[in-house]
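What follows is a short report on a single structure.
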Amino acid sequence: MVNFDEIKRLLDLAKEHGLAEFEIEQQGLRLRIKRDGLGPGAAAPPDEAESGRPIAAAEPKAVPPSASSDAAVELAIVKSPIVGTFYRAPEPNARPFVESGDAVRRGQVVCIIEAMKLMNEIESEYEGEIVSVFAENGQPVQYGDRLFAIRPQAVGG
């Protein structure tokens, strides 16, 4: 049975790593930690495991161009669909899935997020060029954290 000290340790770890949500099941006891304070108007992530839907790639969001930019370019932002550990490559000494400047295709794996000992491949929703990699390899990411900025390929060109 999980004791109070173990629960306190889990709470401390969740706070230390800034986790917005954490769930563990052990010996028939299910503990779910969910912190408020995601920001005004922010919605909590959907519980994909309970809905029965597979965990899918992040839904990219468009970022408006900077007002001072000479060439107005909109970038698609790929965000983390889950809480977990971000990995740029399929194994420690392998080449990263993508680097800044690489061309990506829709459906191409751009990273892995490990959650609950499961490796979740995150795919690009756009064709284009990787402009920025926001997350650090091996670091924890939260739901909604920015992972990549992609300059979408122009239609017809």
Q. Linking I/L/V/M/F/W/Y whenever their side-chain heavy atoms sit closer than 4.5 Å, directly or via other members, would M119 and F97 fall into one cluster?
A. yes

(Q) Between S80 (side chain only) and I82 (backbone N and O only), is there a donor and an acceptor less than 3.5 Å apart? (A) yes

Q. Hey, does the side chain of R106 reach the backbone of E125 with a donor-acceptor pair shorter than 3.5 angstrom?
A. yes

Q. Measuring from I113:CD1 to I122:CD1, what's the distance to the nearest 0.5 Å?
A. 4.0 Å

Q) Do E127 and R105 sit within salt-bridge range, that is, some charged N less than 4.0 Å from a carboxylate O? A) no

Q) Which value, rounded to the nearest 0.5 Å, describes the distance between Y87 atom OH and E121 atom CD? A) 14.5 Å

Q. For the atom pair CZ (F148) and CG (L75), what is the distance rounded to the nearest 0.5 Å?
A. 14.0 Å

Q: Give the minimum heavy-atom separation between I77 and A149, together with the two atoms involved.
A: CD1-CB, 3.7 Å

Q) Which atom pair, heavy atoms only, marks the closest approach of P152 to E74? A) CD-O, 3.3 Å

(Q) As a quick check of understanding, evaluate side chain to side chain contact (heavy atoms under 4.5 Å, CB included) for F86 and D145, giving each step before the final call. (A) CA-CA 11 Å; F86 174 85; D145 281 357; over 6 Å; no

Q | Note: R88-E99 ion pair, threshold 4.0 Å (strictly below) | A | yes

**Q.** Lys/Arg-Asp/Glu bridge criterion (N-O < 4.0 Å) met for D102, R95
**A.** yes

(Q) Quick one, S100 with V133, criterion side chain to side chain contact (heavy atoms under 4.5 Å, CB included). Give me CA distance, side-chain angles, the key distance, then yes/no. (A) CA-CA 7 Å; S100 290; V133 179; 4.2 Å; yes

**Q.** Interatomic distance, N137 atom CG to C111 atom SG [nearest 0.5 angstrom]
**A.** 10.0 Å

Q.
I want to check something: taking the side chain as every heavy atom from C-beta on, are L147 and V141 in contact at a cut-off of under 4.5 Å?
A. yes

Q: Supply the atom-to-atom distance Y126 OH to S124 OG, rounded to the nearest 0.5 angstrom.
A: 9.0 Å

